[in-house]
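What follows is a single structure, written as structure tokens, with notes after it.
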Amino acid sequence: MLTVHAADSVIGAPDGADSVAVDGGAVVAIGRYAELTAARPQARVRRWSGLITPGLLNAAAPALLEAAYHPDPREADEHGTEPLTGDALTALGMDDARWGASARRGLQRMLRHGTTAVRGPFTRPAVRTAVARSGLRVHAPGPAPEAASLDPLASVPEPGDAFAAALTVGGPADLAVFDVPDLAALRTEGAGSCTATVLGGRLVFRRS
């Protein structure tokens, strides 16, 4: 569906751009809200506060999904809410079904941090299936950060270093929205300030 996402500004776009129009899974225009909506009166409009950026790449995904367990909320009293690693993970006696369920929860947490792409490889079949079904883009193997974090911004000097791809007309409609005024604030607040994630033109996360 043709949609115009409007915010205070769009990072990586010409000065003054505050909106991105997407149709299907592609970006069809980037520019000023008044211009984009005037040319597309039939478009649905989603208004956001803060910045629209390209979606983020989590380069630590293999560690987060194949060497950590993301507890089910119903297990919070027993296991807490943070990923379990090391001895705590070993004690769980993980099987394929549990790895798959954990990966699905981990991927949902990534979407809540503006992630639209992950770096592979994934060796566990259940995890590979969960990643494939999530729709997240899978990038080729590469350097992994020293510390795995759900926040892709935590391991890079500048926010732009975590962008999965440039935001361009004709490119994939993979966007993240952060409730911050500028990149300096995004660096300080981190990806936990994400209020919406758009993957292939679909709104896959929206903070309530």
Side-chain angles (χ1 to χ4, degrees), residues 5 7-20 22 25-27 30-31 48-68 70 82-83 85 103 106-122 127 131 134-207:
H5 294 272
D8 298 327
S9 64
V10 177
I11 298 302
D15 289 345
D18 59 5
S19 300
V20 179
V22 305
V27 174
I30 303 171
W48 310 104
S49 174
L51 304 179
I52 293 175
T53 78
L56 304 184
L57 168 66
N58 194 313
L64 288 168
L65 300 179
E66 298 198 324
H70 298 268
E82 294 303 307
T85 59
L107 290 162
Q108 286 297 316
R109 296 183 75 182
M110 289 183 186
L111 291 173
R112 294 199 292 268
H113 287 77
T115 295
T116 58
V118 292
R119 193 177 295 286
F122 303 99
V127 174
V131 172
S134 74
L136 287 166
R137 319 286 180 183
V138 179
H139 287 209
E146 292 184 7
S149 174
L150 289 164
D151 182 351
L153 303 177
S155 59
V156 295
E158 298 295 334
D161 297 329
F163 293 164
L167 194 58
T168 58
V169 173
D174 297 346
L175 318 172
V177 184
F178 298 96
D179 190 14
V180 295
D182 52 36
L183 286 177
L186 179 57
R187 184 171 59 245
T188 300
E189 296 298 325
S193 60
C194 179
T195 55
T197 304
V198 176
L199 178 59
R202 296 180 299 113
L203 184 63
V204 292
F205 166 67
R206 179 175 188 169
R207 181 178 296 171

Intermediate values then yes/no, side-chain contact (heavy atoms from CB on, under 4.5 Å), V10 and S19: CA-CA 6 Å; V10 177; S19 300; 5.5 Å; no
Sub-4.5 Å side-chain heavy-atom contact between R109 and L64: no
Residue pair T85 / A67: nearest heavy atoms and the distance that separates them: CG2-O, 3.5 Å
Point-to-point distance, once rounded to the nearest 0.5 Å, from CG of L175 to CG of L56: 11.0 Å
For F122 against V127, the heavy-atom pair lying closest together: CD2-CG1, 3.9 Å
Straight-line distance of L153 CG to L186 CG, nearest 0.5 Å: 5.0 Å
Non-hydrogen side-chain atoms of D8 and S49 separated by less than 4.5 Å: yes
Closest contact, heavy atoms only, A7 versus G50: CB-O, 3.4 Å
Student check: side-chain heavy atoms of L65 and L107 closer than 4.5 Å: yes
Heavy-atom pair of closest approach, residues A173 and V27: CA-CG2, 3.8 Å
Nearest-0.5 Å distance, CG of residue N58 to CG of residue L150: 7.0 Å
F163 vs E158 side-chain heavy atoms within contact, under 4.5 Å: no
Test item: V177 and H5 side chains (from C-beta on) under 4.5 Å apart, heavy atoms: no
From CH2 (W48) to CZ (R207), nearest 0.5 Å: 11.0 Å
Separation between CD1 of I52 and CG of D18, rounded to the nearest 0.5 Å: 8.0 Å
Heavy-atom closest contact (R119 atom, A61 atom, distance): O-CB, 3.9 Å
Criterion side-chain contact (heavy atoms from CB on, under 4.5 Å) on L199 and L136, from CA distance to verdict: CA-CA 7 Å; L199 178 59; L136 287 166; 4.1 Å; yes
Single hit among P181, S193, S9, P159 for side chain to side chain contact (heavy atoms under 4.5 Å, CB included) with L51: S9
Euclidean distance, D174 CG relative to L167 CG, rounded to 0.5 Å: 9.0 Å
Residue pair H113 / C194, side-chain heavy-atom distance below 4.5 Å: no
Minimum heavy-atom distance A154-S149, with the two atoms named: CB-OG, 4.0 Å
Beyond-backbone contact of T116 with T197, side-chain heavy atoms, under 4.5 angstrom: yes
